[in-house]
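Take a look at the structure below.
Computed from heavy atoms alone, side chains included, the values below leave out hydrogens, waters and symmetry copies.
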Amino acid sequence: MTAEAPVAPLLSHGRLVPVTVHFDDLDALGLLHNARYPVMVERAWAELWTEHGFRFEGDWAAAGDACNAVKELTITYEAPVTRPGAYAVHLWLDRLGTTGLTYGFRFCSADGATTYAHGTRVLVRLDSRTLRPAPWSDTFRTAGRALLRSTD
């Protein structure tokens with residue numbers, strides 16, 4: 001008898017990116033530390049955008065759309081993560097503006113069925129020289145549109 005590969009959940013929007021919780025991500029109570037959730041979400045986004053060719057490699061002038069800053073972060077914790085292991089982050093865009101975007105996320109079980117935390121984050125694309133808002137590139141906007149959640 002052979003083991004079957006896990007079936008990816010059916011998502012109506014966005015992407016599910018696998019993440020790993022390690023023992024040292026847990027706090028003294030044995031719970032995933034509250035500050036680790038945003039770090040894991042950030043890593044999941046970095047992986048997703050890297051797949052589309054957007055990455056920071058040490059040069060802000062060359063970073064293009066990867067030159068951005070967080071304007072706002074909200075997170076709600078629904079259930080504790082109590083063990084190391086395989087989990088996932090469900091990512092999507094709620095809004096894609098000219099110079100900013102709002103993305104949504106869920107920190108969830110590896111199959112996407114259980115939500116442990118959810119939230120939003122607002123990013124602003126910056127000009128690397130002036131650090132003022134700058135427009136997203138057409139290439140970035142095309143990739144981002146594929147992640148937009150429908151408002152229906």
Side-chain angles (χ1 to χ4, degrees), residues 3-22 25 32-81 84-152:
E4 292 184 30
V7 177
L10 295 175
L11 300 175
S12 63
H13 59 281
R15 285 269 310 275
L16 198 64
V17 178
V19 297
T20 301
V21 171
H22 297 276
D25 292 319
L32 180 58
H33 191 281
N34 65 23
R36 301 303 294 163
Y37 289 83
V39 170
M40 291 193 189
V41 170
E42 176 70 19
R43 289 178 181 164
W45 270 115
E47 181 178 326
L48 187 146
W49 288 123
T50 297
E51 290 174 13
H52 292 285
F54 305 104
R55 66 182 59 84
F56 175 69
E57 295 178 331
D59 179 0
W60 285 116
D65 295 297
C67 184
N68 57 66
V70 176
K71 181 177 180 180
E72 178 181 306
L73 171 68
T74 64
I75 188 166
T76 301
Y77 302 95
E78 297 292 342
V81 170
Y87 293 88
V89 178
H90 179 193
L91 304 169
W92 65 90
L93 293 182
D94 283 326
R95 182 188 66 81
L96 179 58
T98 302
T99 62
L101 62 78
T102 303
Y103 72 69
F105 65 88
R106 287 186 317 120
F107 189 92
C108 52
S109 55
D111 65 1
T114 302
T115 299
Y116 297 99
H118 61 90
T120 61
R121 191 163 98 159
V122 177
L123 292 180
V124 178
R125 163 76 161 87
L126 299 175
D127 177 279
S128 64
R129 288 175 295 124
T130 65
L131 298 182
R132 299 292 305 150
W136 301 108
S137 69
D138 290 339
T139 304
F140 183 88
R141 294 181 64 69
T142 298
R145 278 193 286 277
L147 296 168
L148 279 168
R149 179 169 65 171
S150 172
T151 56
D152 308 355

Subject >> More than 12 heavy atoms from other groups under 6.0 Å of CG on D59 >> reply: yes
Original post:
When you look at CZ of R145, are more than 12 heavy atoms from neighbouring residues, nucleotides or ligands closer to it than 6.0 Å?
Top reply: yes
Taking all atoms of both residues into account, what is the closest heavy-atom pair of [X] and [Y], and its distance?
X    : Y    : value
A44  : V19  : CB-CG1, 4.3 Å
P38  : N34  : CD-O, 3.4 Å
W136 : L123 : CZ2-O, 4.3 Å
S128 : A61  : OG-CA, 3.3 Å
L126 : P133 : CD2-N, 4.1 Å
A86  : A110 : O-CB, 3.8 Å

Subject >> Test item: side-chain donor near acceptor, D65 and S137, under 3.5 Å >> reply: yes
Would the distance check show the side chain of [X] and the main-chain N or O of [Y] forming a donor-acceptor pair, the cut-off being under 3.5 Å?
X   : Y    : answer
T74 : T120 : yes
H52 : F54  : no
Y37 : A117 : no

Side-chain contact test, heavy atoms from C-beta onward, threshold under 4.5 Å: evaluate it for [X] versus [Y] and give yes or no.
X    : Y    : result
L148 : L96  : yes
W92  : R106 : yes
M40  : L32  : yes
F105 : I75  : yes
V39  : D25  : no
Y77  : F107 : no
Y116 : S109 : yes

**OP:** In sequence, state the C-alpha distance, the side-chain angles, and the governing distance for R36 and V81, and then conclude on side chain to side chain contact (heavy atoms under 4.5 Å, CB included).
**Re:** CA-CA 11 Å; R36 301 303 294 163; V81 170; over 6 Å; no
When rounded to the nearest 0.5 angstrom, what is the spacing between [atom1] in [X] and [atom2] in [Y]?
X   : Y    : atom1 : atom2 : value
R55 : T50  : CZ    : OG1   : 5.5 Å
K71 : T102 : NZ    : OG1   : 9.0 Å
D94 : R149 : CG    : CZ    : 4.5 Å
L48 : Y103 : CG    : OH    : 11.0 Å

**OP:** Would you please indicate if the ring centroids of H118 and H90 are separated by under 6.0 Å?
**Re:** no
Original post:
Under 30°, 30 to 60°, or over 60°: which ring-plane class applies to W49 and W45, parallel, tilted or perpendicular?
Top reply: parallel
